[in-house]
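This report refers to the structure that appears directly beneath it.
In this text, all values refer to a predicted model and were calculated from it rather than measured experimentally. Both ligands and their constituent atoms are indexed starting at 1 by order of listing.
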Amino acid sequence: MGDKMATLTIDGNELQLPVYNGSEGPSVMDISSLYKDSGYFTYDPGFLSTASCESSITFIDGEKGILRYRGYDIDELAENCDYLSTCHLLLYGELPDAAQKEWFDRKMTLHTMAHEQLQFMMRGFPRRAHPMAIMVGAAASLSAFYHDSLDINDPEQRELAAFRMIAKMPTIAAMCYKYSIGQPFVYPDNDLGFAENFLHMMFATPCEKYKVSPILADAMDKILILHADHEQNASTSTVRLAGSSGANPFACVGAGIASLWGPAHGGANEAVINMLEEIENVKNIPEFIERAKDKNDPFRLMGFGHRVYKNYDPRAKVLRQTCKQVLEELGIKDEPLLDIAVELEKIALEDEYFVERKLYPNVDFYSGIIYKAMGIPASMYTVLFAIARTSGWVAQWKEMIEDPKQKIGRPRQLFTGPEGRHLDGSVIRKTA
Ligand code: ACO
């Protein structure tokens with residue numbers, strides 16, 4: 001039973017609903033037997049008030065602007081840890097000690113190479129294909145190559161699948177990019193760190209080495225940490241829902257990538273740059289601000305607002321600083337899009353419409369700008385998000401599979417279609 005009971009009165013009957021307290025955050029009412037006891041479903045489009053699972057990985061308090069992985073504040077992790085340590089934390093619940101770090105980093109490094117056959121699958125795509133379209137297919141296709149890590153009931157195979165998924169994502173992502181620009185694929189270099197290796201595979205060619213700047217590698221690593229997990233967001237919930245049927249983890253991550261692609265989710269960082277380009281000049285900003293406020297205009301300021309954060313996105317705070325460091329390192333001073341971004345942020349933070357609705361810049365606002373400065377094309381931005389989020393998807397998938405209370409996800413509905421009818425137009429009589 002719960003920590004206390006809530007009483008629901010319906011049709012003259014009193015129902016007792018157990019209430020559970022988590023370690024932090026709002027308590028939940030257990031409505032799992034509501035239908036059995038009352039014949040009613042609950043209705044909550046967009047899951048505004050519904051906890052879909054129990055989880056001990058990530059905690060968010062959107063009102064206070066808090067994001068924690070396994071209890072640690074995101075800014076403390078971004079400042080003191082690297083991405084692979086963060087992956088260890090997400091997967092196993094603790095940061096690695098020195099021996100665990102050596103073991104984990106080595107394991108991850110050993111799995112960076114993609115199956116040689118994968119490139120032939122890639123070559124089947126049109127060169128103009130959006131990299132996210134290729135990523136959806138390529139991630140799911142790992143299930144066709146790695147048959148020895150598909151048994152979700154075997155903990156060792158689950159772990160192997162987790163290593164493969166996280167370690168191969170940067171390789172696959174860089175392959176998507178190289179393919180789109182007609183350059184040969186670059187193999188991973190296992191002497192390099194995780195973020196460094198990704199930049200190497202993106203920008204080196206067989207004839208030209210690419211010296212990765214430590215500041216850019218560090219910025220990329222921070223971006224990966226900041227995007228690694230975000231509790232039950234749309235793509236993570238998609239991974240969990242897909243996995244709840246017992247589907248293999250590679251296919252589930254493919255489903256997560258599809259969900260991430262949308263502009264209301266991971267596609268926003270690409271949409272930010274497209275928007276800045278559309279604004280074109282600082283003097284046009286007021287016109288776009290007015291459009292964003294106009295209910296009859298579908299235009300929204302991309303990179304502003306968040307379903308959960310009604311305060312400054314804590315990830316945006318870290319990236320704002322990183323953004324400055326990257327621009328300094330690259331010696332970028334006169335970039336019109338950045339001038340527009342800075343001015344837009346200033347105006348939106350002061351404008352009553354945005355202040356009233358607590359629409360602050362989100363993480364995508366700054367990540368898009370950093371990628372642009374690094375020379376990464378806009379179509380790759382969501383792909384980078386997918387690389388980072390893979391650790392969160394895999395950790396959440398693993399937690400779900402290991403949860404004894406796990407059931408296949410099967411939401412209910414409020415049906416508003418036609419009542420039962422026969423082909424001759426007569427109505428099907430309702431049975432009691
Ligand atoms: N520009 C202008 N108005 C906005 C914006 C925006 N970016 N975001 C929200 N609003 C307004 C809405 O019109 C609404 O106004 P109203 O109360 O007068 O009707 C109010 O603010 C609340 O908006 P909702 O749509 O109810 O908020 P919701 O939580 O459903 O949406 C979302 C969150 C989808 C992120 C939204 O803010 C948005 O579309 N932002 C732009 C896209 C974006 O940056 N997405 C990235 C999210 S971060 C991530 O996925 C990592």
Side-chain angles (χ1 to χ4, degrees), residues 44-50 58 60-63 65 67 69 74 78 132 222-239 256-276 278-279 285-320 340-341 344-371 378 381-393 396:
D44 184 16
F47 293 95
L48 294 182
S49 302
T50 299
T58 292
I60 300 175
D61 183 332
E63 300 298 327
L67 166 62
Y69 300 159
I74 192 66
M132 280 299 275
K222 276 204 173 62
I223 290 177
L224 295 175
I225 295 173
L226 298 174
H227 287 82
D229 196 44
H230 214 231
E231 51 119 307
Q232 309 312 321
N233 56 86
S235 58
T236 303
S237 298
T238 302
V239 171
I257 296 174
S259 168
L260 185 73
W261 194 357
H265 192 5
N269 50 17
E270 181 176 349
V272 168
I273 294 299
N274 294 341
M275 175 190 75
L276 295 177
E278 200 189 335
I279 295 177
I285 290 178
E287 179 198 328
F288 281 84
I289 294 269
E290 285 317 306
R291 281 187 60 195
K293 296 183 197 173
D294 182 356
K295 290 282 160 248
N296 299 318
D297 189 326
F299 175 78
R300 278 186 166 197
L301 273 195
M302 287 293 129
F304 284 81
H306 196 277
R307 166 59 62 81
V308 178
Y309 295 116
K310 303 303 173 196
N311 199 320
Y312 216 99
D313 180 340
R315 301 166 301 172
K317 260 189 201 153
V318 177
L319 271 200
R320 196 170 192 260
I340 298 171
L344 191 63
E345 183 197 18
K346 201 167 129 236
I347 294 177
L349 285 175
E350 288 165 0
D351 190 292
E352 204 181 311
Y353 174 95
F354 292 90
V355 173
E356 229 173 48
R357 289 170 181 74
K358 301 182 174 170
L359 300 171
Y360 296 94
N362 58 47
V363 69
D364 290 321
F365 188 68
Y366 297 107
S367 60
I369 297 169
I370 295 176
Y371 298 150
Y381 296 177
T382 318
V383 171
L384 269 82
F385 194 158
I387 297 176
R389 187 54 58 84
T390 298
S391 53
W393 289 331
Q396 298 266 355

Indicate yes or no: at least one non-hydrogen side-chain atom of E278 is less than 4.5 angstrom from one of M302.
-> no
Ring centres under 6.0 angstrom apart (H230, Y309) | yes
Not counting sequence neighbours, which residues clear side-chain contact (heavy atoms from CB on, under 4.5 Å) with F299? List them please.
-> M275, F288, R291, A292, D297, L301
Just jot down the salt bridge (charged side-chain N to carboxylate O under 4.0 Å, His left out) partners of E231, sequence neighbours excluded, or say none.
-> none
Applying salt bridge (charged side-chain N to carboxylate O under 4.0 Å, His left out), which residue pairs with at least one partner in residues 347-367 are found, sequence neighbours left out?
-> K293-D351
Kindly print each ligand 1 N/O atom paired with any protein N/O atom under 3.5 angstrom away, one pair per line, or none if nothing qualifies.
from: ligand 1; atom 1: 1 (N); to: L301; atom 2: N; distance (Å): 3.0
from: ligand 1; atom 1: 3 (N); to: Y353; atom 2: OH; distance (Å): 3.0
from: ligand 1; atom 1: 7 (N); to: L301; atom 2: O; distance (Å): 2.7
from: ligand 1; atom 1: 7 (N); to: F304; atom 2: O; distance (Å): 3.0
from: ligand 1; atom 1: 13 (O); to: K295; atom 2: NZ; distance (Å): 3.2
from: ligand 1; atom 1: 13 (O); to: R300; atom 2: NH2; distance (Å): 3.3
from: ligand 1; atom 1: 15 (O); to: K295; atom 2: NZ; distance (Å): 3.3
from: ligand 1; atom 1: 15 (O); to: R357; atom 2: NE; distance (Å): 3.2
from: ligand 1; atom 1: 18 (O); to: K295; atom 2: NZ; distance (Å): 3.2
from: ligand 1; atom 1: 18 (O); to: R357; atom 2: NE; distance (Å): 3.1
from: ligand 1; atom 1: 18 (O); to: R357; atom 2: NH2; distance (Å): 2.9
from: ligand 1; atom 1: 25 (O); to: R300; atom 2: NH1; distance (Å): 3.2
from: ligand 1; atom 1: 25 (O); to: R300; atom 2: NH2; distance (Å): 2.8
from: ligand 1; atom 1: 29 (O); to: R307; atom 2: NE; distance (Å): 3.0
from: ligand 1; atom 1: 30 (O); to: R307; atom 2: NE; distance (Å): 3.4
from: ligand 1; atom 1: 30 (O); to: R307; atom 2: NH2; distance (Å): 3.0
from: ligand 1; atom 1: 39 (O); to: R300; atom 2: NH1; distance (Å): 2.9
from: ligand 1; atom 1: 40 (N); to: F304; atom 2: O; distance (Å): 3.0
from: ligand 1; atom 1: 44 (O); to: G303; atom 2: N; distance (Å): 2.9
from: ligand 1; atom 1: 44 (O); to: N362; atom 2: ND2; distance (Å): 3.0
from: ligand 1; atom 1: 50 (O); to: H265; atom 2: O; distance (Å): 3.2
from: ligand 1; atom 1: 50 (O); to: H265; atom 2: ND1; distance (Å): 3.3

With under 30° as parallel and over 60° as perpendicular, where do the rings of H265 and F385 fit, or are they tilted in between?
-> perpendicular
